[in-house]
Amino acid sequence: VCVGSMKKKVGSSLIRCKNISSPKELSENIHKVFLVYLDAVDTLFRKTLIPICKETLPKKGSKEMKHWEFLESVHHTNSALQLVEQCWINDVAPSITDNFEYSICKEDKNRVYADFEQDILSGLRELLAAALDIVGTILKKDQQKSDFKPKQDDVENLGNTIACKNACNFIDQFRQRTLICLDGRNLDRFFLVMGTRLYYNIIEHFKDIKQYNRTGA
């Protein structure tokens with residue numbers, strides 16, 4: 001709601017700018033109005049919302065993720081940047097007739113986008129590390145020594161271990177939350193990295209299991 005209202009106000013400001021600016025000053029004035037919009041979005045989301053939400057990520061050794069604010073902040077930030085891009089394509093770019101002013105304005109936009117991308121990717125790396133640490137903590141604390149060394153004749157009662165169930169439940173919850181808040185290439189790359197690192201973490205976990213028999217294996 002806040003971002004939509006901001007975009008409407010910027011649209012009104014751009015219309016007034018076109019009506020009162022002389023042809024010589026129009027491109028520069030449109031650029032200035034757009035910079036105000038960029039700075040407001042940058043301050044609200046990259047400099048305020050994202051850092052605050054990153055602080056809610058679980059600390060090392062946690063068995064659960066109680067807060068999902070960072071993922072939600074990424075979702076809202078992406079929505080805000082989509083509105084900025086719409087404003088650029090529909091209102092700003094067509095109104096800047098001076099080629100030099102256009103190139104400078106585009107550079108300003110791309111610079112802000114690059115800062116957002118860097119901070120979001122940094123946060124996603126921390127989120128992924130936290131999620132993998134939770135899985136590791138669950139396996140370490142919930143895995144029983146007897147899980148892989150059951151009675152030889154107890155094949156019919158074998159099932160998923162408590163550690164396996166709890167780890168899978170968390171991964172499923174994490175996946176569902178991520179699907180809601182990420183999209184496109186960010187989502188594909190995030191799951192690719194997560195799946196690869198999770199695979200090797202599970203392999204290392206199995207290597208630490210010293211007690212097992214053929215039934216448990």
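Distance CE/M194 to CG/L124: 12.5 Å, rounded to 0.5 Å. Residue H31 holds its NE2 atom at 12.0 Å from SG of C17, rounded to the nearest 0.5 Å. Atom CD1 of I20 sits about 7.5 Å away from atom CG of N29, to the nearest 0.5 Å. How far CG of L83 is from CE of M6: 10.0 Å, rounded to the nearest 0.5 Å. One distance of note links CG of L121 with CZ of F190; it measures 11.0 Å at 0.5 Å rounding.
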Trace of the side chain to side chain contact (heavy atoms under 4.5 Å, CB included) decision for R197 with L128: CA-CA 10 Å; R197 291 180 59 182; L128 180 57; 3.9 Å; yes

Residue pair Q173, W68: steps toward the side chain to side chain contact (heavy atoms under 4.5 Å, CB included) verdict: CA-CA 11 Å; Q173 180 189 30; W68 301 91; 3.6 Å; yes

Side chain to side chain contact (heavy atoms under 4.5 Å, CB included) between C87 and V10, worked out: CA-CA 9 Å; C87 180; V10 170; 4.0 Å; yes

Test log, rule side chain to side chain contact (heavy atoms under 4.5 Å, CB included), inputs R16 and S21: CA-CA 8 Å; R16 289 197 299 271; S21 297; over 6 Å; no

Distance-only donor-acceptor hits, side chain of residues 32-48, under 3.5 Å, sequence neighbours excluded:
from: K32; atom 1: NZ; to: E28; atom 2: OE2; distance (Å): 3.4
from: D42; atom 1: OD1; to: R46; atom 2: NE; distance (Å): 2.6
from: D42; atom 1: OD2; to: R46; atom 2: NH2; distance (Å): 3.4
from: T43; atom 1: OG1; to: D39; atom 2: O; distance (Å): 2.8
from: R46; atom 1: NH1; to: D119; atom 2: OD2; distance (Å): 3.1
from: T48; atom 1: OG1; to: T43; atom 2: O; distance (Å): 2.6

Pairs under 3.5 angstrom only: tabulate donor-acceptor contacts from the side chains of residues 74-82 to other protein residues two or more places apart or in another chain.
from: T77; atom 1: OG1; to: S73; atom 2: O; distance (Å): 2.7
from: N78; atom 1: ND2; to: V74; atom 2: O; distance (Å): 3.3
from: S79; atom 1: OG; to: H75; atom 2: O; distance (Å): 3.1

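Under the 4.5 Å side-chain criterion, counting only non-hydrogen atoms from C-beta, I171 is in contact with L198. Inter-residue side-chain proximity for C53 and L49 is flagged as met; some heavy-atom pair is nearer than 4.5 Å. Side-chain contact between P58 and K66 is absent, with no heavy atoms from C-beta onward closer than 4.5 Å. Here the side chains of H205 and N201 are not in contact, with every heavy-atom distance at 4.5 Å or above. Looking at L127 and L57, their side chains come closer than 4.5 Å, going by heavy atoms from C-beta outward. Annotation: side chain of L179 is in contact with side chain of F191 (closest heavy-atom distance under 4.5 Å). Residues V92 and C105 have side chains in contact (heavy-atom distance under 4.5 Å, counting atoms from C-beta outward). At least one side-chain heavy atom of R177 sits under 4.5 Å from a side-chain heavy atom of E72.
One hydrophobic cluster, built from ILVMFWY side chains closer than 4.5 Å, cannot hold both L26 and I15; they sit in different ones. F70 and L187 fall within the same hydrophobic cluster, where Ile, Leu, Val, Met, Phe, Trp and Tyr residues are linked whenever their side-chain heavy atoms come under 4.5 Å apart, directly or through other members. Linking Ile, Leu, Val, Met, Phe, Trp and Tyr residues whenever their side-chain heavy atoms come within less than 4.5 Å leaves L192 and I203 in two separate clusters. No path of Ile, Leu, Val, Met, Phe, Trp and Tyr side chains, each step under 4.5 Å between heavy atoms, connects F174 with Y199, placing them in separate hydrophobic clusters. Following chains of ILVMFWY side-chain contacts shorter than 4.5 Å, one can reach V193 starting from I202, so the two form part of one hydrophobic cluster.
For R189, there are no salt bridge (charged side-chain N to carboxylate O under 4.0 Å, His left out) partners, not counting sequence neighbours. K60 pairs by the salt bridge (charged side-chain N to carboxylate O under 4.0 Å, His left out) definition with D133, not counting sequence neighbours.
The pair D188-R185 does not meet the salt-bridge criterion, since no charged nitrogen lies less than 4.0 angstrom from a carboxylate oxygen. Using a 4.0 Å cut-off between a side-chain N of Lys or Arg and a carboxylate O of Asp or Glu, D98 and K24 do not qualify as a salt bridge. Under a 4.0 Å N-O distance rule, the pair K109/E85 qualifies as a salt bridge.
When each of I134, L139, D142, V135 is paired with N166, the side-chain contact (heavy atoms from CB on, under 4.5 Å) condition holds for D142 and for no other. F170 pairs with exactly one of R175, K63, K165, M65 by the side-chain contact (heavy atoms from CB on, under 4.5 Å) rule, that one being M65.
Residues in residues 4-24 take part in no ring-ring contact (aromatic ring centres under 6.0 Å, His included) pair, two or more places apart or across chains. The ring-ring contact (aromatic ring centres under 6.0 Å, His included) pairs that include a residue from residues 90-112 are W88-Y102, where partners are two or more places apart or lie in different chains.
Heavy atoms of other residues, nucleotides or ligands lying less than 6.0 angstrom from NZ of K106 number 12 at most. Heavy-atom contacts from other residues, nucleotides or ligands closer than 6.0 Å to CD of Q86 number more than 12. Applying the 6.0 Å contact sphere to CG of N19 captures more than 12 heavy atoms from other residues, nucleotides or ligands.
One side chain, D172 or Q176, offers a donor N or O that lies under 3.5 Å from an acceptor on the other.
Looking only at distances, a side-chain donor or acceptor of S13 sits under 3.5 Å from a matching main-chain atom of K9.
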